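The next block holds one structure in the form of C-alpha cells; read it before the comments.
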Amino acid sequence: MRKIIINGGNPLRGEVAVSGAKNSVVALIPAIILADDVVTLDGVPAISDVDSLIDIMTLMGASIEREGDSLRIDPRGVKDIPMPYGKINSLRASYYFYGGLLGRFGQAVVGLPGGCDLGPRPIDLHLKAFEAMGATVSYEGEAMRLSTEGKALTGAHIYMDTVSVGATINTMIAASKAKGRTVIENAAREPEIIDIATLLNNMGAHIRGAGTDIITIEGVERLHGTRHQVIPDRIEAGTYIAMAAAIGEGVRITNVLYEHLESFISKLEEMGVHMTIEEDSIFVEKQGNLKAVSLKTSPYPGFATDLQQPITPLLLKTHGRGKIRDTIYEKRVNHVAELARMGAHISVLGGQIVYEGPNELTGAPVKATDLRAGAALVTAGLIAKGQTVISNIEFILRGYSDIIEKLTNLGADIKIIED
Ligand code: EPZ
C-alpha cells in the first residue's frame, strides 16, 4: 500500500500552478458521449478520476488520445452497453454517464455510483429529473437501468428540491438533445456548471442561465465536435492558498480565477491573512498571528463544503476559538479524529466542529478517509513537527494532480513510499 511521508516544518516558497478542475472534467468527459465528432479538452488534470473515466469511455468504445494535459476524445464508437461496475463504483461522478447515455441512446444500464464516504449521497434528484423527461428507472441486481424505451427524452420543467451540482449538470447533459425545452429551477450555481454549459453550447447546444438558479435548455438534434479549455480547480487553489498561509514564506498560486474563491478569500481576510490578488494568481506572504474564525458552508457562491477540511489545519494555527458547520454534508468530519491524533484541540460537538488555537501539531501516522480530509492531513503534516505518515492516499491522488511534485518544488519534504 502506498503512503505519503512528510517531515514537517519546512517553509514553502516559490510558485505553484493550479490544474484543471476535477469537478468539471469528471462531467465534461461523459458529456462528450453526446457529440457526433471529436472533442478535445485542454488543461485536463493528471488525477486518477480522469484515468478511471478514460478507462470507462474506452471500454464503451470511444477512442481517446492523451497528449500532455490535452485529451482528444472520439465518441463515435461508443456503444450502448451495460457499464462495468468495477470501474463505476470507484467514483461518484460516474453518474454523469446516465445523462450522456440517455441523451444519446435513450437508455443507460449503469452500476450504482461510489465515491467518498461523506454520509448518504442519494441520486434521487438525478432520477426524478430523468423520469420527468420520460425515462423509466428499474434495477437489475447491482445495476440501475434508465430507459425511454427507444423514444427521445422530452423537455420538462424540473424543480430541484435540494440545490445539487450533480443533478443540475446531469439534467443539463440529458436535456441537450431532448425534444423541446427543459427548465431547471433551483439549479446549483457552481462555476463547474458554467464550464459544462460552455462545452455543450460550443458543441451546438442551446443552454441559457448556467451559473444562475434557473437554467433553460432547448434540445437540438445533433451536437458536433469542438475544443475546450477546462476551468482552473478552485478547490485545489484554495487548498494551496491555505497551505501557503499556514507555513509559506512567499508563495504565488497561479492559474487562479479569483471570482471563484470570493467567500474563501474573505474568510481568510477575516483571519487577518495578507494576500495580494493579481491578474490570474494570488501571492501569499509569510503570515503573523492570525485570528480564529467560525465558518458555515453553503452552496456556491457560499463557502465551499470542499474547502472546510483543507482550511482546518490553518484554522488550528489561529489564536482563539471557532466553529465549523457543514450544512451540505453534516458527516464531513472524519478528518477531525486524525487531526486530534496530531495534537490538535479539535472535536465534533452536536453536528459541528469546534476548535481552539493556536496548536503545536506533532507528526503521527494518520489515514485519509476521503479526498479533502486527505488534503487536510497533508497540510497538517507540512506544519507539524516531526514525521507524518498518511495512508489511504488513493483518495488524495483522485483529486490533486502532481501534489508531491508541486509541494516538493515549494520546498516541502514529502514523498510517496510503497509500504
Ligand atoms: C459535487 O458532488 C462535488 N463532486 C462534491 O465535491 C461537492 O462537495 C458537492 O458537489 C457540493 O455540492 C463532484 O462534482 C464530482 P450535490 P455532488 O449533488 O454533485 C444532496 C470533492 O471533494 N443530494 O451538490 O454529488 C446531497 O446528499 C467532492 O471534490 C440529494 O439529496 O453533490 C448533498 O447533501 C466531494 N439528492 C447535497 O444534495 C441527489 O440526488 C449536495 O449534493 C443529489 C444530491
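Order of listing sets the numbers, starting from 1, for every ligand and every atom in it. Small disclaimer: the values here were computed from a predicted structure and weren't measured.
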Please identify which atoms of ligand 1 are closer than 4.0 Å to at least one heavy atom of Asp124. 30 (C), 31 (O), 36 (N), 39 (C), 40 (O)
Taking distance alone, with no angle check, do Leu371 and ligand 1 share an N/O pair under 3.5 Å? no
Would you check whether Glu190 has a nitrogen or oxygen atom less than 3.5 angstrom from a nitrogen or oxygen atom of ligand 1? no
Using a 3.5 Å cut-off on N or O atoms only, is Tyr329 in polar contact with ligand 1? yes
Ligand 1 to Gly166, heavy atom cutoff 4.0 Å, flagged ligand atoms 18 (O), 19 (O)
Considering only heavy atoms of Arg372, which atoms of ligand 1 have at least one such atom less than 4.0 Å away? 21 (C), 22 (O), 29 (O)
For Thr312 and Leu339, which heavy atoms make the closest approach, and how far apart are they? CG2-CD1, 3.7 Å
Residue portion contacting ligand 1 (non-hydrogen atoms closer than 4.0 Å) for Ser164: both
Is any NZ, NE, NH1 or NH2 atom of the basic residue among Lys3 and Glu418 found under 4.0 Å from an Asp or Glu carboxylate oxygen of the other? no
Please confirm whether Ala188 approaches ligand 1 to less than 4.0 Å, judged on its heavy atoms. no
Where does Phe395 meet ligand 1, judged by heavy-atom distances below 4.0 Å: at the side chain, the backbone, both, or neither? neither
Mind checking whether Val163 has a heavy atom under 4.0 Å from ligand 1? yes
Nearest heavy atom to atom 40 (O) of ligand 1 wins, so pick from Ile169, Leu125, Leu127. Leu125
In terms of heavy-atom contacts, Val230 and Gly43 come closest through CB-O, 3.5 Å
Ion pair check, Arg227 and Asp42, cut-off under 4.0 Å: yes
Regarding ligand 1, does Val165 bring an N or O atom to under 3.5 Å of one of the ligand's N or O atoms? yes
Quick one: which ligand 1 atoms are inside 4.0 Å of a heavy atom on Lys22? 21 (C), 29 (O)
Which pair of heavy atoms, one from Pro365 and one from Arg341, lies closest together, and at what distance? O-NH2, 2.6 Å
Is there a side-chain contact between Phe395 and Lys367 in this structure, where contact means two heavy atoms from C-beta onward sitting under 4.5 Å apart? no
Are side-chain heavy atoms of Phe105 and Lys79 found at a separation under 4.5 Å? no
Answer yes or no: does an N/O atom from Tyr95 fall short of 3.5 Å to an N/O atom of ligand 1? yes
Counting both backbone and side chain atoms, is some N or O of Thr305 under 3.5 Å from an N or O of ligand 1? no
With a 4.0 Å cut-off on N to O distance, would you call Asp37 and Arg76 a salt bridge? yes
Atom indices of ligand 1, in the order listed, that fall short of 4.0 Å to a heavy atom of Arg332: 8 (O), 22 (O), 35 (C)
Salt bridge Glu236-Lys406, side-chain N to carboxylate O under 4.0 Å: yes
Provide the number and element of each atom of ligand 1 under 4.0 Å from a heavy atom of Ile123. 39 (C), 40 (O)
Salt bridge check: are Arg252 and Glu278 linked by an N-O gap of less than 4.0 Å? yes
Assess whether a salt bridge exists between Lys128 and Glu131, defined as any Lys/Arg side-chain N lying under 4.0 Å from an Asp/Glu carboxylate O. no
Taking distance alone, with N or O pairs closer than 3.5 Å, would you say Ile328 contacts ligand 1? yes
Using 4.0 Å as the upper bound for N to carboxylate O, is an ion pair formed by Asp306 and Lys22? no
pair Ile47-Arg398: side-chain heavy atoms closer than 4.5 Å: no
Residue portion contacting ligand 1 (non-hydrogen atoms closer than 4.0 Å) for Met160: neither
What atoms of ligand 1 come within less than 4.0 Å of a heavy atom belonging to Thr162? 38 (O)
Counting each atom of ligand 1 from 1 as listed, which ones have a heavy atom of Asp306 under 4.0 Å away? 5 (C), 6 (O), 7 (C), 8 (O), 21 (C), 22 (O), 28 (C), 29 (O), 35 (C)
